[in-house]
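The chains referred to below are lettered A, B, ... by the order of the sequence lines, with proteins before strands, and numbering in each begins at 1.
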Amino acid sequence: MDPNTILALAKRRGFFFPSFEIYGGMAGMFDYGPLGSSMKNNIEKLWRDHYVLGEGLAEIFSPIISPEEVFIASGHLSEFTDFSVQCTKCNQAYRADNLLEDVVDNPDSMSKEELHSAMTEHNIRCPSCKGELSEPESVNLMFKTMVGPLGGRDGYMRPETAQAMFFNFHLLYRFFREKLPFGIVQLGKGFRNEISPRQGITRLREFNMMEAEIFFDPDNKKWPGFEEVSSRKLRLLPDGAEEGEMSLEDAVGQGIIANEPLAYFMHVTRDILISAGLDEDKLRFRQHLKTEMAHYAADCWDCEALTGYGWLELVGIADRGCFDLQSHIDHSDAELTAFLRYPESKEVETTSVVPNLSALGPLFKGRAGVIADKLGNLSGEDIVRGVPVDVDVDGEIISIPPECFEVTTEKKTISGERIVPHVIEPSYGLDRILYTILDHNYHEVDDYVTLRLPITIAPVKFGVFPLMAKDGLDDTALSIDKKLRKKGILTYFDSSGTIGRRYARMDEAGTPFCITVDYESKEDGCVTVRDRDTKDQKRIKIDDVAGVAASLDDGSITFDKIG
RNA sequence: GCAGAUGUAAUCUAGUCUGGUAGGAUUCAAGCUUCCCAAGCUUGCUGCUCGGGUUCAAAUCCCGGCAUCUGCACCA
């Protein structure tokens, strides 16, 4: 579908529109209008139904602004930064490390100064016009801010919601009673200071994500429920192979998808997107090429949808290995590990050296502490009972008499070990999904537009109209409207314009059903329910309206079964 | 970020070359009409992307910003 058509509809009907328009707008920023906000809530609800209710994952909600340390550990500060150079003659911009790729080793790990001197040394010039290049300039795609008005700490707007699920691991692990696997979700905004965002709502500087992090024992990557769906098929486009349909178990068995949970959550993703109204024929899973894999990923599949913008990445499902947890452990010294109990405890005999400080002190005075540490680090094999031992203190070899230490042998029971869990991350781009839902459900016949949204996603569930806004029809319609809203069903009451125009408005907003009160209602106590996609009408009792509407809303009956 | 094109109401558009009251259609709103699929009639609301310059006078000419589109580059 032509993006301009979708954009025009979105603006006209209040799904979404460019932000700050009266002040000239701002690239990469969009507002959700009334219909868009409602639709966004519905998508989030559908997503939570699967991940929180269905899979038993737990939701957290953390700050957007995060201290610099988080992104030093996550790698975003270094990996999300590019050094660019510009040609002074033709103004063409390049990534500095790309120009040095075949000239020096590991240019992407070089500092600004190293890049500059390497470029001077090897006389790197503009590849297209041979002009002089500017000095490298660092470009980081995170939004930077200051925490504390007078300076304080550097902060950044998070580029993904994921990090909080990693650096809070120890608390969440306790919440899940110290058992693997378990999963956490977070829905919220992420920020990327894109160089030149385009394509409407599909590439934003401030965008909405729905992310899950599921933690596993690396030696036992299993998720309950895989067997139930293992024969289901997905449309796969593996790295270096032909696109084709394949069952989950075959794909895992042949090593095309790295492991079961990865495949399982790909399937969950497919289910969610189909429930949201996407066209299965326009969906595929594409494996990341080795070269495009993020700095943290071990295997990654994108769920892509065919839209007016071409194939669009909606969901990324990555096996991040233990990269993030390990990195936060290294940077913070926090114990972000899981304890794996062995099936049976092991008895281990260890010999250790215990320094005798009351003997060491008088003999070595100030150096006693250092010597004690050195002794403590010796293993049992370095020592023979009753024989002096040599210790190296700052290059000086000191002989320590046997009365200064004891050698003890003890038996220990080891019941398990601490491991750094692996993580599978399904990460959904909410805005892109919303856009694709509009794209796949837009139908136009002779300039008449119908959005065939599933009722779970539709921003408004029922239009409620009096055929004419008089003779009491409006009062009856209003009371029906009120009844539905009391049941938690979002309606739209409309009494102005002709009935056809009102139906048309609702069709364009994707409202699945309309309820109309007419003159016969007074006599037979019935109203008309009209189906958006077929335009068929059925009459039902006014007294039954709320119940029928609720059943249509939750999907327990369909239109053809009512009346 | 670079190059080119574009910018008139919620939407589509005339007017820009050649400076002189901004026009139409759709939408939207109020009303009439026993009105079930964008019917008709009456009435009404909303606009020159922003800033500066030239000029008696700027939607129109000049400069700059912003945004959109296309291509390049970028895109965890």
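- Between the side chain of A:Arg192 and the base of B:C75 there is no donor-acceptor pair of N/O atoms closer than 3.5 Å.
- Residue A:Arg203 has its side chain nearest to B:C74 when only B:C36, B:C69, B:C74 are considered.
- For A:Arg198, taking side-chain heavy atoms from C-beta onward, the closest of the listed nucleotides B:G71, B:C37, B:C36 is B:G71.
- Side-chain atoms of A:Arg192 never come within 3.5 Å of backbone atoms of A:Leu141 as a donor-acceptor pair (strictly under, hydrogens ignored).
- Evaluation of atom-type donor-acceptor distances gives a pair under 3.5 Å for the side chain of A:Gln537 against the base of B:C36.
- Of the charged side-chain nitrogens involved, none lies within less than 4.0 Å of a carboxylate oxygen, so that A:Asp474 and A:Lys470 do not count as a salt-bridged pair.
- Of the residues A:Ile272, A:Asp302, A:Leu283, A:Leu273, the one that meets the side chain to side chain contact (heavy atoms under 4.5 Å, CB included) test with A:Val315 is A:Leu273.
- The side chain of A:Lys11 sits closest to B:A10 out of B:C75, B:A38, B:A10.
- Every pair passing side chain to side chain donor-acceptor pair (under 3.5 Å) that includes a residue from residues 29-38 of chain A is listed here, sequence neighbours excluded: A:Ser19-A:Asp31, A:Tyr32-A:Asp431.
- With both pairing distances under 3.5 Å, B:A58 is matched to nothing as a Watson-Crick or G-U wobble pair.
- Across all strands, A:Gly497 comes closer than 4.0 Å to base atoms (heavy-atom distances).
- Here the side chain of A:His440 pairs a donor or acceptor atom with the backbone of A:Leu306 at under 3.5 angstrom.
- As rounded to whole Å, 10 Å separates atom P of B:A67 from atom CE of A:Met29.
- Rounded to whole Å, atom C1' of B:U11 lies 15 Å from atom CD1 of A:Ile6.
- To the nearest whole angstrom, the two P atoms, one in B:C45 and one in B:A57, are 30 Å apart.
- Only the P atoms considered, B:U8 is 14 Å distant from B:U68, to the nearest whole Å.
- Under the Watson-Crick or G-U wobble criterion, with both distances below 3.5 Å, B:A73 is left unpaired in every strand shown.
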Could you run down the sub-3.5 Å N/O contacts of the protein with nucleotides 7-9 of chain B?
none

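- Closest to the side chain of A:Lys535, out of B:C37, B:A3, B:C35, is B:C37.
- Within 4.0 Å of A:Ala8, counting heavy atoms only, lies no atom of the nucleic acid at all.
- Between B:A39 and A:Arg501, a contact under 4.0 Å exists linking OP1 or OP2 to a side-chain N or O.
- Applying the 4.0 Å criterion to OP1 and OP2 of B:G40, one finds that A:Thr498 has every side-chain N and O outside that range.
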Working for side chain to side chain contact (heavy atoms under 4.5 Å, CB included), residues A:Phe16 and A:Leu7: CA-CA 8 Å; A:Phe16 56 82; A:Leu7 254 37; 3.9 Å; yes

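- The distance from atom CG of A:Asn140 to atom C1' of B:C74 is 14 Å, rounded to the nearest whole Å.
- Between the P atoms of B:G53 and B:A10, the separation comes to 28 Å (whole Å).
- B:A38 sits 43 Å from B:C61 when the C1' atoms are compared, rounded to a whole Å.
- In a base pair of the Watson-Crick type (N1 to N3 plus N6-O4 or O6-N4) or a G-U wobble (N1-O2 and O6-N3), with each distance short of 3.5 Å, B:U21 is matched with no nucleotide.
- For B:U33, there is no paired nucleotide, since no Watson-Crick or G-U wobble pair has both relevant distances below 3.5 Å.
- Within 4.0 Å of A:Asp507, counting heavy atoms only, lies no atom of the nucleic acid at all.
- Screening A:Asp494, A:Thr516, A:Thr511, A:Thr498 for a side-chain hydrogen bond (donor to acceptor under 3.5 Å, both in side chains) with A:Tyr503, the sole residue that qualifies is A:Thr516.
- Taking atom P on both nucleotides, B:U46 is separated from B:C32 by 23 Å, rounded to a whole Å.
- Base pairing analysis places B:C45 opposite nothing; no Watson-Crick or G-U wobble pair with both distances below 3.5 Å involves it.
- Distance alone, capped at 3.5 Å, places no donor-acceptor pair between the A:Arg284 side chain and the A:Glu304 backbone.
- Atom OH of A:Tyr448 and atom P of B:A39 are 10 Å apart (whole Å).
- OP1 and OP2 of B:U34 both lie 4.0 Å or more from every side-chain N or O belonging to A:Lys522.
- When the nucleotides B:C37, B:A10, B:G1 are ranked by their closest atom to the side chain of A:Tyr503, B:C37 comes out on top.
- What separates CZ of A:Phe30 from C1' of B:A67 is a distance of 11 Å, to the nearest Å.
- Between B:G15 and B:G71, the two C1' atoms lie 31 Å apart (nearest whole Å).
- Comparing the C1' positions of B:G23 and B:U60 gives an interatomic distance of 16 Å, to the nearest angstrom.
- To the nearest angstrom, P of B:C28 lies 10 Å from CZ of A:Arg12.
- With a cut-off of 3.5 Å on both pairing distances, the Watson-Crick or G-U wobble partner of B:G51 is B:C63.
- Across the C1' atoms, B:G47 and B:A3 are found 31 Å apart, a figure rounded to whole Å.
- Under the 3.5 Å distance criterion, the side-chain polar atoms of A:Arg270 are left unmatched by any main-chain donor or acceptor of A:Phe285.
- The CZ atom of A:Arg502 sits 10 Å away from the P atom of B:C36 (whole-angstrom rounding).
- Nearer to the 5' terminus of RNA chain B, by closest-nucleotide assignment, is the contact made by A:Ile22 (compared with the other of A:Ile22 and A:Arg432).
- As a whole-Å value, the separation of A:Asp474 CG from B:A30 C1' is 16 Å.
- Residue A:Pro18 is classed as having no contact, given no heavy-atom separation below 4.0 Å to the nucleic acid.
- Residues A:Gln163 and A:Asp324 form a side-chain contact, since some pair of their non-hydrogen atoms from C-beta on lies under 4.5 Å apart.
- In this structure, B:A10 forms a base pair with B:U26, meeting either the Watson-Crick or the G-U wobble geometry with both donor-acceptor distances under 3.5 Å.
- For A:Ser496, taking side-chain heavy atoms from C-beta onward, the closest of the listed nucleotides B:A29, B:G1, B:A38 is B:A29.
- Annotation: of the two residues near RNA chain B, A:Asp494 and A:Gly28, the 5′-most nearest-nucleotide partner is A:Asp494.
- Distance from the side chain of A:Lys470 is smallest to B:U34 among B:U34, B:C37, B:C2.
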Chi angles and distances behind the side chain to side chain contact (heavy atoms under 4.5 Å, CB included) call for A:Lys482, A:Phe493: CA-CA 9 Å; A:Lys482 206 169 173 186; A:Phe493 178 83; over 6 Å; no

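- At B:C37, none of the side-chain N or O atoms of A:Arg505 fall inside 4.0 Å of OP1 or OP2 (strictly under the cut-off).
- Judged by Watson-Crick or G-U wobble contacts below 3.5 Å, the nucleotide B:A5 has B:U68 as its partner.
- Qualifying ring-ring contact (aromatic ring centres under 6.0 Å, His included) partners for A:Tyr309, counting only residues two or more places apart in sequence or in other chains: A:Tyr435.
- For A:Tyr23 against B:C50, a side-chain-to-base donor-acceptor contact under 3.5 Å is absent.
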